[in-house]
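Throughout, protein chains are lettered first and strands after them, A, B, ... in sequence-line order, and every chain is numbered starting at 1. Below, all heavy atoms of this structure are taken into account, side chains as well, without hydrogens, waters or symmetry copies.
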Protein chains: 4
Amino acid sequence: MSKLEKRDEIVRAALELIAEHGFHGAPMALIAERAGVGAGTIYRYFENKDVLINEMYQELEEKIFPVITEGYGELKAFRERFLHLGTALLRYFIQNPLDFRYLEQFHNSPYGVATRRERLLGVREGCDVYFHLFEEGIAQQVLKDVPLPLLFALSFGPLLAAARDHILGFIELDDALIARTIEACWDAVKR
Amino acid sequence: MSKLEKRDEIVRAALELIAEHGFHGAPMALIAERAGVGAGTIYRYFENKDVLINEMYQELEEKIFPVITEGYGELKAFRERFLHLGTALLRYFIQNPLDFRYLEQFHNSPYGVATRRERLLGVREGCDVYFHLFEEGIAQQVLKDVPLPLLFALSFGPLLAAARDHILGFIELDDALIARTIEACWDAVKR
Amino acid sequence: MSKLEKRDEIVRAALELIAEHGFHGAPMALIAERAGVGAGTIYRYFENKDVLINEMYQELEEKIFPVITEGYGELKAFRERFLHLGTALLRYFIQNPLDFRYLEQFHNSPYGVATRRERLLGVREGCDVYFHLFEEGIAQQVLKDVPLPLLFALSFGPLLAAARDHILGFIELDDALIARTIEACWDAVKR
Amino acid sequence: MSKLEKRDEIVRAALELIAEHGFHGAPMALIAERAGVGAGTIYRYFENKDVLINEMYQELEEKIFPVITEGYGELKAFRERFLHLGTALLRYFIQNPLDFRYLEQFHNSPYGVATRRERLLGVREGCDVYFHLFEEGIAQQVLKDVPLPLLFALSFGPLLAAARDHILGFIELDDALIARTIEACWDAVKR
DNA sequence: AATGAATGAGACTTCATTCAT
DNA sequence: GATGAATGAAGTCTCATTCAT
């Protein structure tokens with residue numbers, strides 16, 4: 001196993017365990033075992049558990065951003081752009097349930113609190129895109145005239161709830177339902 | 001302190017600690033201290049920590065239900081009933097931030113997983129009310145024709161996200177904004 | 001075992017292990033085992049290992065002071081008082097070799113550094129007695145006119161070295177030799 | 001870097017770290033880093049950490065001996081010879097505080113115990129010189145008639161204590177004070 | 001010969017739970 | 001019934017040492 005592969009294995013094992021059992025259910029020894037490395041090895045790649053958890057979060061953000069913004073720049077109409085981002089994000093979560101569960105664990109934990117104070121929604125770069133989009137929407141009087149954070153809540157709230165329900169098996173979101181979900185989000189924020 | 005008071009003190013102390021610091025930051029010894037009882041005493045009222053946590057959840061549900069359904073029965077129009085429930089729930093969370101934080105901690109933890117499998121949204125009896133309301137809405141073709149769980153996601157998702165942002169201090173939800181928030185939820189689910 | 005006895009057993013076990021094998025050779029688990037208590041029990045009496053080590057030091061100081069100052073107040077002549085303190089201290093170390101070894105371990109470790117900055121010699125209250133004695137000696141021109149700390153070095157240096165050699169078995173300090181040792185210390189500091 | 005230089009760098013790095021932070025604060029990885037070699041490389045020069053520590057001690061002894069005996073052979077008078085050795089040794093410690101700190105760390109640790117059993121004072125070859133000097137002194141009835149080890153304690157005890165206090169900054173030993181210190185040592189041992 | 005990544009034993013500490021008082 | 005001191009399993013992290021490159 002190469003150095004890079006080892007790091008990846010650690011992150012993969014940690015992602016799995018944390019996504020499935022929470023931070024509590026992911027002791028370093030178990031992460032090491034699942035990654036196929038010694039317990040001490042993790043500390044060659046991450047200073048401590050907190051750093052591991054936070055770096056994993058950063059990496060997820062950086063991984064998600066390009067995926068949801070692919071093809072975004074070419075779109076003109078406001079509504080289309082909104083739908084594009086929402087659809088891409090929901091699709092990403094559905095296709096990467098572990099990533100989604102991890103993000104939820106992170107947000108709902110002391111780890112995520114500091115991060116959350118700075119960034120409203122947890123997908124930072126994507127957040128910036130949304131930020132600009134929403135400001136434009138308010139200016140153009142396309143979106144409801146409410147505080148920006150509320151717009152975030154109105155669009156991400158249902159999206160994340162839907163993703164969660166799909167991943168937990170309560171609903172089966174196919175392409176059609178994904179589209180309808182995002183349209184509902186649009187209904188919630190549009191003027 | 002009577003037996004009942006003692007139990008209440010334990011629950012109150014646990015709620016405070018868990019809401020503010022998560023399950024991690026609420027060791028039994030600290031709960032006992034804050035409740036003004038001995039550590040062993042907790043185990044006379046709750047078999048173990050898991051039971052305490054789950055019973056607290058049950059109690060919260062039972063506490064919330066009558067609050068949000070007060071005056072509900074007299075309403076006729078579908079939209080009004082939807083708005084009533086949403087407004088009451090959001091108001092409750094804003095006025096009882098500890099309860100809200102606790103529910104969030106619970107949902108986002110292994111404790112909440114099992115519970116969640118059975119009940120879709122975390123407010124069980126309220127859930128039943130919503131359940132009937134939504135089924136009626138679908139039948140009357142007032143609501144979007146999507147799976148029931150998705151309707152839940154579309155209405156509770158934004159509501160909970162808004163409550164969270166208010167409690168964390170990102171927005172200040174006054175009566176006007178509360179109304180607009182719930183109306184946005186309505187926009188999301190209405191046909 | 002009563003609460004006080006338990007604390008004493010912990011201190012006794014720690015003293016033994018640290019005196020014989022240094023801080024390194026005294027893991028908390030071993031201290032607990034030798035004290036006949038559970039590993040976690042130590043933490044009910046001492047916040048952590050550092051606190052244990054420092055409190056033990058404090059206690060030793062407080063234990064030694066009354067012993068070496070017993071009968072001290074009645075003495076008049078300067079030389080007699082010096083000899084009294086020195087003899088009593090050396091006797092104490094010889095009779096309590098574990099205490100002596102512990103003090104040496106403590107002084108020669110990061111633990112002792114901070115303490116040492118404040119107090120020159122490690123026997124604080126005894127130190128005060130010595131402090132006054134030495135200042136008087138300088139004022140009366142009985143002692144060599146050198147900086148106070150050097151006087152301490154000249155009297156405690158040989159005393160501690162002799163105690164160490166006795167405890168390690170290199171010499172056998174009987175009453176006669178103890179007397180001659182302390183007289184030699186006197187020769188070193190007297191004008 | 002040649003083989004010899006590499007070894008020297010390792011010893012130098014270890015000396016620095018151990019003198020300043022004790023054996024605790026000198027992990028092999030850090031020694032290697034400061035020496036500019038790989039961690040594994042140390043083990044090509046020293047079987048393990050214990051061996052490194054003990055060999056360093058040997059080397060220090062061998063380094064100190066010629067320094068303190070320089071010009072010693074030409075002296076005739078007993079007192080002069082005693083003062084010469086003491087002054088040279090104290091000077092050496094003051095000019096090489098790392099060496100001094102290392103020796104103290106070594107003596108006050110399990111590492112030093114075994115060594116100490118064999119040699120009385122820690123400066124082996126110098127020890128021999130002292131050994132002969134002291135035996136001569138006893139025979140000539142110039143020194144106090146006490147066991148040899150006690151003579152060592154009486155002369156090295158204050159010397160080392162003074163050196164320590166100087167290095168820790170409690171006193172400032174200039175040439176005059178060095179002379180007076182050694183004379184005080186002489187007072188302690190002379191008949 | 002040199003490296004330094006990997007290892008895992010072992011250190012300190014926390015905390016849910018028990019049980020003698 | 002209530003207590004809270006005691007417990008020890010389990011968690012995080014360090015570091016001397018090895019070994020494939």
Under 3.5 Å, which donor-acceptor pairs do the side chains of residues 32-47 of chain D form with other protein atoms, sequence neighbours left out?
residue : atom : partner : partner atom : Å
R34(D)  : NH1  : E16(D)  : OE1          : 2.7
T41(D)  : OG1  : G38(D)  : O            : 3.4

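- When atom types are taken as modelled, the side chain of N108(B) and the backbone of E104(B) share no donor-acceptor pair closer than 3.5 angstrom.
- Counting non-hydrogen atoms under 4.0 angstrom, F23(D) reaches nothing in the nucleic acid.
- Taking a pair to require two hydrogen-bonding distances under 3.5 Å in either a Watson-Crick or a G-U wobble arrangement, dA1(E) remains unpaired.
- When side chains are defined from C-beta on, F23(B) does not count as touching H24(A), because their heavy atoms never get closer than 4.5 Å.
- Interatomic distance, F106(B) CZ to L60(B) CG, rounded to the nearest 0.5 Å: 9.5 Å.
- Within the 4.0 angstrom heavy-atom criterion, only backbone atoms of the sugar-phosphate kind lie near Y45(B); the bases stay farther away.
- Ion pairing between R101(A) and E20(A) fails under the 4.0 Å rule for side-chain N and carboxylate O.
- Close approach of DNA chain E to chain A, defined as any atom under 4.0 Å from a non-hydrogen atom of the protein, starts and stops at dG4(E) to dG8(E).
- Per the geometry, NE2 belonging to H21(D) stands 17 Å off C1' belonging to dC15(F), to the nearest Å.
- When each of I42(C) and A26(D) is assigned the nucleotide of DNA chain F with its nearest heavy atom, I42(C) is the one assigned upstream, toward the 5' end.
- Nucleotide dT21(E) is matched to dA2(F) when pairs are restricted to Watson-Crick or G-U wobble geometry with both distances under 3.5 angstrom.
- Atom CZ in F46(A) sits about 16 Å away from atom C1' in dT12(F), given to the nearest Å.
- For R44(B) and dA2(F), the CZ to P distance is 6 Å, given to the nearest whole Å.
- Using modelled atom types, one finds no donor on one side chain facing an acceptor on the other under 3.5 Å when comparing H107(A) with Y102(A).
- Where D50(D) and K49(A) each meet DNA chain F at their nearest nucleotide, the meeting point lying more 5' is that of K49(A).
- Under 4.0 Å is where a charged nitrogen must lie from a carboxylate oxygen, and between E9(D) and R12(D) at least one such pair does.
- Using a 4.0 Å heavy-atom criterion, one finds that M28(A) contacts the sugar-phosphate atoms exclusively.
- Counting heavy atoms from C-beta on, the side chains of L103(C) and L160(C) never come closer than 4.5 Å.
- Between I53(D) atom CD1 and dC15(F) atom P the separation is 14 Å, expressed in whole Å.
- Both T41(A) and Y43(C) lie near DNA chain E, and the one whose nearest nucleotide falls closer to the 5' end is T41(A).
- Between the CZ atom of F100(A) and the CD1 atom of I167(A) there is a distance of 5.0 Å, given to the nearest 0.5 Å.
- Taken residue by residue, residues 29-40 of chain A places heavy atoms nearer than 4.0 Å to DNA chain F at G40(A).
- Distance CZ (R7(C)) to C1' (dG4(F)): 18 Å, rounded to an integer number of Å.
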